[in-house]
Amino acid sequence: MQLAVALLQSLGVTRFGLAHQCAPGGLVEGIIGTAGYMSPEVLTGKFDESGDVWASGCVLYECLRGEALVPDTAVSEEEQQTFLRSASF
């Protein structure tokens with residue numbers, strides 16, 4: 001129980017400045033997001049709420065595996081996008 005409390009205290013979601021409102025069935029245009037959590041659909045420049053599902057999956061992956069889905073070795077945004085486009089995960 002103490003471990004769970006410690007994890008919850010250290011967990012934070014703080015990138016709400018990147019949030020965009022999207023009408024049901026609508027699309028958001030542009031490559032918007034935190035590079036390590038952007039879905040391949042976001043990289044096309046038009047995406048819907050599925051990008052949020054991907055990002056949530058990235059967070060869950062990190063919690064379960066203890067490592068990021070997009071490796072930290074891909075330090076620049078361009079390298080992270082190249083990794084996602086390669087679909088080698």
Side-chain angles (χ1 to χ4, degrees):
M1 184 66 151
Q2 289 178 347
L3 176 61
V5 171
L7 286 173
L8 289 174
Q9 288 175 342
S10 66
L11 184 65
V13 180
T14 60
R15 297 300 296 255
F16 292 119
L18 300 175
H20 283 72
Q21 195 166 17
C22 181
L27 295 174
V28 175
E29 294 188 19
I31 298 177
I32 304 162
T34 305
Y37 300 90
M38 287 193 295
S39 70
E41 293 83 8
V42 171
L43 299 177
T44 67
K46 291 186 179 184
F47 59 96
D48 59 12
E49 66 275 356
S50 64
D52 294 331
V53 174
W54 172 276
S56 298
C58 289
V59 171
L60 179 61
Y61 182 93
E62 261 184 77
C63 290
L64 295 173
R65 297 285 311 253
E67 61 188 29
L69 176 63
V70 178
D72 290 338
T73 56
V75 290
S76 74
E77 188 171 322
E78 182 178 309
E79 289 172 319
Q80 290 174 335
Q81 290 178 7
T82 300
F83 173 79
L84 285 173
R85 287 188 177 110
S86 74
S88 61
F89 41 87

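Below, all heavy atoms of this structure are taken into account, side chains as well, without hydrogens, waters or symmetry copies. We're numbering straight along the sequence, starting at 1.
- Minimum heavy-atom separation, Glu62 to Ala68: CG-CA, 3.5 Å.
- Atom CG in Leu27 sits 9.0 Å away from atom CD in Glu49 (nearest 0.5 Å).
- In this structure, Trp54 and Leu69 have side chains that are in contact, with non-hydrogen atoms separated by less than 4.5 Å.
- Scanning all heavy atoms of the two residues, the minimum distance from Ser39 to Gly51 falls at OG-CA, 3.7 Å.
- Under the 4.5 Å side-chain contact rule for hydrophobic residues, Ile31 and Phe47 share a cluster.
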